[in-house]
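Notes for the one structure printed next.
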Amino acid sequence: MSPLVTVERLKRRADFLSVAAARRKYVTPGFVLQAHRREQISSAGPARVGFTATRKIGNAVIRNRARRRLKAAADEVMPGAAAAGFDYVVIARAGTIARPYAALVADMQTAVSALAPKANVAK
RNA sequence: CCAGACGGCCGGAUGACCGCGCUUCGUCGCAAGACGGGGUGAGGAAAGUCCGGGCUCCACGGAAACGAGGGUGCCGGGUAACGCCCGGCGGGGGCGACCCCAGGGACAGUGCAACAGAAAGCAAACCGCCAUCGGGCUUCGGCCCGGCGGUAAGGGUGAAAGGGUGCGGUAAGAGCGCACCGCGCCCCCGGUAACGGGGGUGGCAUGGCAAACCCCACCCGGAGCAAGACCAAAUAGGGGCGGCACGCCGGCUUUCGGGCCGGCACGCUGGUUUCCGGGCCGCCGCCCGGGUCGGUCGCGCGAGACGCCCGGUAACGGGCGUCCUAGAGGAAUGGUCAUCCUCCGCCCGCAAGGGCGGGGACAGAACCCGGCUUACAGGCCGUCUGGCAUU
RNA sequence: UGGGGCGUCGCCAAGCGGUAAGGCAGCGGAUUUUGAUUCCGCCAUCCGGAGGUUCGAAUCCUCCCGCCCCAG
């Protein structure tokens with residue numbers, strides 16, 4: 001797998017929108033992962049991860065807990081799996097709360113590798 | 001023991017490992033930062049945003065008042081203030097403890113009341129009842145028809161029909177008279193007051209709805225921490241200063257520095273060169289202020305928390321002592337597990353109890369405070385009421 | 001943070017103090033050889049929920065619930 005990649009946090013609304021516009025996603029019972037390569041000079045640079053929890057999945061307590069669990073899973077997986085120069089958005093689903101944490105981590109692993117750049121062939 | 005009423009309180013506990021926000025210390029490093037240690041870290045509703053304030057800016061200004069709009073509405077008190085709280089009063093409900101009530105004004109005015117009903121607001125005669133007049137009939141008791149009048153006691157309609165019940169009275173009736181109750185007015189007494197009690201008097205007039213318009217009394221300037229204050233990058237543009245540059249010919253103009261127009265030449269740019277066409281034009285450096293991204297402050301010592309004492313029926317107030325207790329900004333508490341507590345289900349056991357499995361609510365500070373409202377597993381404490389049993 | 005709007009039958013909706021129009025859909029019937037069309041009839045009383053005012057509330061008042069929109 002890739003060497004350790006520094007992971008930063010995605011914060012701006014515009015960044016979230018551009019990731020969503022890329023239309024690359026992977027759905028698991030616990031969350032939806034979106035990925036998008038930044039238009040950047042070089043392919044280097046940190047990977048960035050953002051989190052989304054909508055009002056549809058519950059009240060403030062539910063949304064916060066869902067985001068925290070996803071954040072914990074991402075902190076565990078992303079440094080070893082994420083591709084440099086990519087932006088990721090993790091969207092919480094109704095199943096985020098009930099899903100066991102180990103399964104969440106495994107899902108994160110497969111989701112990230114499924115969205116990995118195809119050997120950097122497609123530029 | 002059962003059923004119930006009211007008030008107050010808690011909101012799982014302890015620990016291990018890997019992580020999180022803020023803060024502090026140490027080591028390393030030129031620095032950015034890295035590593036390690038310590039401290040601290042959500043609620044009774046943090047929620048809904050329904051009221052009241054603090055704070056900040058804006059507007060107006062002697063304080064304010066009037067008007068518009070909105071709100072509040074028995075009385076007294078508490079409070080920074082309130083639509084909140086406490087204590088009373090009145091009305092309603094409950095055997096009771098106790099609970100509920102937007103509870104000013106309907107002789108200032110305007111309005112509303114479907115359907116039903118004779119009539120719904122200066123009252124009114126449909127059926128009845130009564131008296132009387134005329135006519136007819138008669139078994140001489142009366143009956144029928146019509147006219148004029150009396151009558152709100154009866155029937156019927158309605159949510160509501162102009163006091164209620166009883167006795168007297170009358171042709172039948174009627175506050176027509178009387179007693180009691182209700183109501184209005186006056187006086188006295190108690191109470192700060194709302195109001196209560198008593199007496200007298202009137203003879204029923206003044207029906208209901210103001211969560212209909214409205215009237216009266218009182219209260220409210222507007223916006224909101226994305227308030228507001230400060231620092232301030234890159235780029236573009238504005239202003240100022242300095243340096244360099246500002247060709248040739250002709251015309252016009254001049255404040256004699258220069259400026260404008262035309263032609264030629266030159267630089268950059270587009271089309272393949274020649275050549276042609278369009279466009280751009282002072283350049284550089286320094287400084288100044290405005291404003292955007294971003295950053296910092298505002299930002300937690302406060303109508304503060306806890307304890308004791310005093311005043312007050314209480315809400316609450318006063319005094320003394322102790323304490324400092326979240327502060328983020330895509331927003332901090334997550335993951336795994338153990339023991340205990342507690343609830344549910346199943347199993348074992350006469351029982352005490354034990355085993356296995358599952359669950360522990362509502363919900364997350366976003367400037368702060370006082371209320372209200374709403375959500376909430378389970379549990380604890382106190383006071384009181386009505387039963388049953390025992391003494 | 002501030003402001004605005006809407007909840008009425010399965011769907012779209014009128015009504016804003018006097019006892020819930022209308023259309024579509026559905027169901028039953030008639031017409032027709034059958035179907036379509038057409039016609040007739042049926043279909044909310046718990047008007048988002050709970051209290052209150054009134055003789056009477058979908059309508060007025062208070063408090064909740066849900067949804068949508070706007071400004072910064």
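Every heavy atom of this structure was used, including side-chain atoms; hydrogens, water molecules and symmetry mates were not.
- A80(B) is unpaired under the Watson-Crick or G-U wobble criterion, no partner having all donor-acceptor distances under 3.5 Å.
- Going from the P atom of G37(B) to that of G354(B) covers 42 Å, rounded to whole Å.
- A gap of 42 Å separates the P atoms of U56(B) and A31(B), to the nearest Å.
- Pairing for A174(B) is absent, with no Watson-Crick or G-U wobble pair whose two atom distances lie under 3.5 Å.
- With a 3.5 Å ceiling on both atom-pair distances, G141(B) lacks any Watson-Crick or G-U wobble partner.
- Separating the C1' atom of A377(B) from that of U373(B) is a span of 22 Å, rounded to the nearest Å.
- Base orientation of U54(C): syn, since the glycosidic angle falls within 90° of 0.
- Straight-line distance between the P atoms of C230(B) and U292(B): roughly 12 Å, to the nearest whole Å.
- Separating the OG1 atom in T96(A) from the CG atom in L70(A) is a distance of 5.0 Å, to the nearest 0.5 Å.
- Rounded to whole Å, the P atom of G70(B) lies 13 Å from the corresponding atom of G4(C).
- Cluster annotation: V27(A) and I91(A) are assigned to the same hydrophobic cluster (Ile/Leu/Val/Met/Phe/Trp/Tyr, side-chain heavy-atom contacts under 4.5 Å, transitive).
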Heteroatom pairs (N/O) under 3.5 angstrom, protein to nucleotides 333-337 of chain B:
unit_1, atom_1, unit_2, atom_2, d
U333(B), OP2, R68(A), NH1, 3.4
G334(B), OP1, R68(A), NH2, 3.1
G335(B), OP1, R69(A), NE, 3.3

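- For C214(B), the paired nucleotide is G105(B), the pair qualifying as Watson-Crick or G-U wobble because both relevant distances are below 3.5 Å.
- From R68(A), atom CZ reaches atom CZ of R63(A) across 12.0 Å, with rounding to the nearest 0.5 Å.
- Residue N59(A) places at least one side-chain N or O closer than 4.0 Å to OP1 or OP2 of G364(B).
- Pair assignment for G247(B) gives C264(B), based on Watson-Crick or G-U wobble hydrogen-bonding distances that are each under 3.5 Å.
- Taking the C1' atom of each, A226(B) and G294(B) are spaced 16 Å apart, rounded to whole Å.
- In this structure, CE in M108(A) is found 4.0 Å from CZ in F31(A), a value given to the nearest 0.5 Å.
- Taking atom CG of residue N64(A) and atom P of nucleotide A46(B), one finds them 18 Å apart after rounding to whole Å.
- Glycosidic conformation at A42(B) (O4'-C1'-N9-C4 for purines, O4'-C1'-N1-C2 for pyrimidines): syn, within 90° of 0.
- The separation of G355(B) from G334(B), taken at their C1' atoms, amounts to 33 Å, rounded to a whole angstrom.
- With both ends at atom C1', the span from G224(B) to U49(B) equals 15 Å, rounded to whole Å.
- In this structure, CZ of R63(A) is placed 12 Å from P of A363(B), rounded to the nearest angstrom.
- G307(B) and C320(B) make up a base pair, with Watson-Crick or G-U wobble contacts both under 3.5 Å.
- Nucleotide C380(B): paired with G8(B) (Watson-Crick or G-U wobble, both distances less than 3.5 Å).
- Of the inter-residue distances, the one linking F86(A) atom CZ with R24(A) atom CZ reads 6.0 Å to the nearest 0.5 angstrom.
- Both distances falling under 3.5 Å, in either a Watson-Crick or a G-U wobble arrangement, occur for no nucleotide opposite C256(B).
- The nearest whole Å value for the distance from the CZ atom in F51(A) to the C1' atom in A331(B) is 14 Å.
- Classification of G44(B) as syn follows from a glycosidic angle within 90° of 0.
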